[in-house]
There are 2 protein chains.
Amino acid sequence: MCLNYNPVSVFVDPDLADAEKIAKEAISQHKMLLIAGNCWVHYVGRARSKLDPGERILIVKEDGSLLVHRSTGYEPVNWQPPGCIFQTCLKNGVLELKAIRRKPRESVSVFFDRVYMISSLSLKDPGEFALYASEEDMQKAILFEPSLLEEGFKPISYEKRVEPGFVDVYGLDKNGKFVVVEIKRRTAGKEAVLQLAKYLEFIKGRVSRETRGILAAPSIAKDVQRLLETLNLEFKPLDPKKCAEVLNRFETIKLEAFFKQGSQ
Amino acid sequence: MCLNYNPVSVFVDPDLADAEKIAKEAISQHKMLLIAGNCWVHYVGRARSKLDPGERILIVKEDGSLLVHRSTGYEPVNWQPPGCIFQTCLKNGVLELKAIRRKPRESVSVFFDRVYMISSLSLKDPGEFALYASEEDMQKAILFEPSLLEEGFKPISYEKRVEPGFVDVYGLDKNGKFVVVEIKRRTAGKEAVLQLAKYLEFIKGRVSRETRGILAAPSIAKDVQRLLETLNLEFKPLDPKKCAEVLNRFETIKLEAFFKQGSQ
DNA sequence: AATTAAATTTCGCCT
DNA sequence: AGGCGAAGTTTAATT
């Protein structure tokens, strides 16, 4: 009835007393808790709701958030945001799991009379989430659509090896000057400016033409902007959302080209 | 490594080939699919996103919706609304699960290199979900706050047994007339009107005072309204949300009274 | 902390 | 099916 493996423990068809023990332990140890069973739900707070009995999935996350999912629908039928306090109570053959929140004062109670499966999970999740575009995507977008950087820009190469590291994008402006581009996905900090300065220094020593250094990022702090200007570098606002639109457009074009080719 | 019980099958530490088989089967049979494992996610569509590797929960529901949940946060990090088409692909030790939607054209791909647990579930869920107030709650709200029905209304009893069934609420109006109230949670239909008429007919035969029949519901269809008027009955708009506010207020009052009592 | 604006908003009601 | 408005909206950014 029980299986353990690395970050997960699964119990199938536990009695409600065992289920309560497992749930209590998972919650107190800040593990993710997952229950499949027959339940009904009461919510009182900003609004109020009742969910009549049925088989559903309950998730309690490490941060004290709660989700009740039915077998259909993208949205949870009931939920509670992070930071809840939890109580469990086993009485008359019913296991109650209550998630309480203050500010606003509200609570969700889930009542189980059957638990088919209960699982506690310790999930390690260091992965970064990048909406619209990662730094790599922003680089790709500039290569697809160089005018994102400035009118007349012509990329020559990317991820170019220079002594201190790799130059994100490297090219010529409309006047034939060499341009070194450093891309940041978030508000550019001092490090980004210094990095760009280093790369430019290296390039200057190896090229006879005039050079420019451009820092492309969604935004830049005022004091960092001053440093940038002191070092004779430039800032270009680059919106990840705009980059995503460019990438989607080009991928669609590539896709259409593929279908055209395929149909001939 | 595998446990079966009634509506759920759970597989712990399956190899990716088994996981693919289980996933394919669950999806084709319109069962709910649940995977815990190490994964990364790409989304392209209205927007675009990348999620770097980490341990997460994937849910595919019967209706073809998809959810990727991290260990924290109330919202899914990636998702796809109901009605998706699914593809799976096992290649180079990576299991890809792709959910495609048209209109708008978008797709979410989840790549697993480790599956800790995979489960398919056949959940039966007939339970009704009532936001704000169930019919019973609306009845309770009128008893707490009779002016919800009309100014001067005085409830006498509720769930009163009459020959054809049970009268929801029963009382006197400000002029001393008997009032029979029929409550519906949704737009009132013909049945509700006929039911109220039946109850009122029964009451009329047993009471010497004048009587009124009031149908309380969020709304009523035009043709049903005509029938209602023909039968000399009345309609009173009753908003479940307003009822919920009343109930919350009274529960708070009851709670405060309880605490006052407790502290003395 | 409070206010405002955006969201892969979603969802329901109406035409 | 498309458009509008509300949501237990939520969430992030800004004052």
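Quick note on labels: first sequence line is chain A, next is B, and so on, each numbered from 1.
A:Q87 places a side-chain heavy atom less than 4.5 Å from the side chain of A:I100. At least one side-chain heavy atom of A:R101 sits less than 4.5 Å from a side-chain heavy atom of A:P81. Residues B:I35 and B:I22 have side chains not in contact (no heavy-atom distance under 4.5 Å, counting atoms from C-beta outward). Side-chain atoms of A:Q139 and A:V169, non-hydrogen and from C-beta on, do get closer than 4.5 Å to each other.
Rounded to whole Å, atom C1' of C:dT8 lies 18 Å from atom CZ of B:R102. The distance between atom CZ of B:R48 and atom P of C:dA7, rounded to the nearest whole Å, is 17 Å. Residue A:N78 contributes atom CG, which lies 9 Å from atom C1' of D:dG8 at whole-angstrom precision. Put simply, CZ on B:F129 is 12 Å from C1' on C:dC11, counting in whole angstrom units. For the pair B:D63 CG and C:dC11 C1', the computed distance is 14 Å after rounding to whole Å. Between B:Y43 atom OH and C:dT9 atom C1' there is a gap of 11 Å when expressed in whole angstrom units. Between the NZ atom of A:K242 and the P atom of C:dA6 there is a distance of 14 Å, rounded to whole Å. The distance from atom CD1 of A:I100 to atom C1' of D:dG8 is 17 Å, rounded to the nearest whole Å.
Base contact: B:V77 has a heavy atom under 4.0 Å from a base atom.
Side chain of A:S134 to main chain of A:A130: no donor-acceptor pair is present (N/O by atom type, distance under 3.5 Å, no hydrogens or angles). Using modelled atom types, no side-chain atom of B:N92 and backbone atom of B:V94 make a donor-acceptor pair closer than 3.5 Å. In this structure, A:E96 contributes its side chain and A:F111 its backbone to no donor-acceptor pair below 3.5 Å.
For the side chain to side chain contact (heavy atoms under 4.5 Å, CB included) test with A:E145, the passing option among A:K140, A:R249, A:K242 is A:R249; the others fail.
Ring geometry for A:F144 versus A:F250: interplanar angle under 30°, hence parallel rather than tilted (30 to 60°).
Nucleotides D:dG8 and C:dA6 are separated by 22 Å at their P atoms, to the nearest Å.
Side-chain N/O atoms of B:E245 and B:Y132 include no donor and acceptor closer than 3.5 Å.
Taking a pair as Watson-Crick or G-U with both hydrogen-bonding distances under 3.5 Å, the stems of three or more pairs touching DNA chain C are C:1-7 with D:9-15, C:9-15 with D:1-7.
Ionic pairing of A:E135 and A:R185 is not present here: no N-O contact between side-chain nitrogen and carboxylate oxygen is shorter than 4.0 angstrom.
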Short heteroatom pairs, N/O only, protein and nucleotides 1-4 of chain D, under 3.5 Å:
from, atom 1, to, atom 2, distance (Å)
D:dG2, OP2, B:K103, NZ, 2.8

Every protein N/O lying under 3.5 Å from an N/O of nucleotides 9-11 of chain D:
from, atom 1, to, atom 2, distance (Å)
D:dT10, OP1, A:R46, NH1, 3.2
D:dT10, OP1, A:R46, NH2, 3.2
D:dT10, OP2, A:R46, NH1, 3.0

